[in-house]
Amino acid sequence: MVVTIDGPAGAGKSSVARATAERLGFAYLDTGAMYRAVAVATLARGGPPAERARALEVVDARRYLVDGRDVTAEIRTPAASEEASRIAADPALRAALLERQRALLAEGDWVAEGRDIGTVVAPEAELKVYLTASAEERAARRARELGTDPQVVLADQTLRDQQDSRREHSPLRAADDAVELDTSGRTIDEVVAEIVTLAGDARR
Ligand code: DC
């Protein structure tokens, strides 16, 4: 079974997807981390992102190598975030990562998070969730994580949201049959419990 969790930055996707996978006993796929790992490699080496994507090795949900180099420690930096959002508009890169993601999801039970998992990567998934939260709450959460100013995060986030939703290829949007959950003012545990129930229903 595949459960997809899409939505904008700061909606709580990573915490929710990770905890949902744990609760269901499913594997967890963080596709944003794949874009980020390629971004670290293109910042370091240059060259076409799709080429770097072919040298990407997903060891597990917590470890990423590109050209044999462990880039895990660098994928959450602001520079990696910015570069990931930029290269995510490249259709050749999206095609290369799509192939990798579909191959991974073809076997076993997964919770997969990203921006286009329910719409493009796994449109046949049994359960599709689209997580949202108010822009202010999303920025406040990220600022707490990063220990920075919420206003700066909000400005940055608005830019990334626009880039992600306005790009021509696989823009950020909810699948028509996705369940939309607003996480504003809700705890991770509450949201996870709801998704676990939905997954149980979808299985029947
Ligand atoms: O979820 P995240 O912040 O780790 O994602 C990093 C970037 O990658 C973000 O700008 C959106 C992009 N991305 C994408 O285009 N498609 C995905 N399936 C996952 C992430």
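Remember, it's 1-based here, ligands and their atoms both numbered in the order they're listed. Small disclaimer: the values here were computed from a predicted structure and weren't measured.
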Inset, instruction - Anything with a heavy atom under 4.0 Å from ligand 1 counts, so go ahead and list those protein residues by chain and number. - result: Thr31, Gly32, Tyr35, Arg36, Arg76, Ala84, Ser85, Ala88, Arg94, Gly114, Arg115, Asp116, Ile117, Arg160, Asp164, Arg167

Inset, instruction - Measure the spacing between CG of Asp67 and CD of Glu57 and express it to the nearest 0.5 Å. - result: 11.0 Å

Inset, instruction - With sequence neighbours left out, write down each residue that passes salt bridge (Lys or Arg N to Asp or Glu O under 4.0 Å) with Arg102, or none if nothing qualifies. - result: none

Inset, instruction - Applying salt bridge (Lys or Arg N to Asp or Glu O under 4.0 Å), name anything that partners Arg160, two or more places apart in sequence or on another chain. - result: none

Inset, instruction - Look at Asp90 together with Arg52 and state whether they make a salt bridge at an N to O cut-off of under 4.0 Å. - result: no

Legend entry - side-chain hydrogen bond (donor to acceptor under 3.5 Å, both in side chains) contacts in which one or both residues fall within residues 7-21, not counting sequence neighbours: Ser14-Glu113

Inset, instruction - Using side chain to side chain contact (heavy atoms under 4.5 Å, CB included) as the criterion, point out the one residue from Thr4, Val3, Asp176 that pairs with Lys128. - result: Thr4

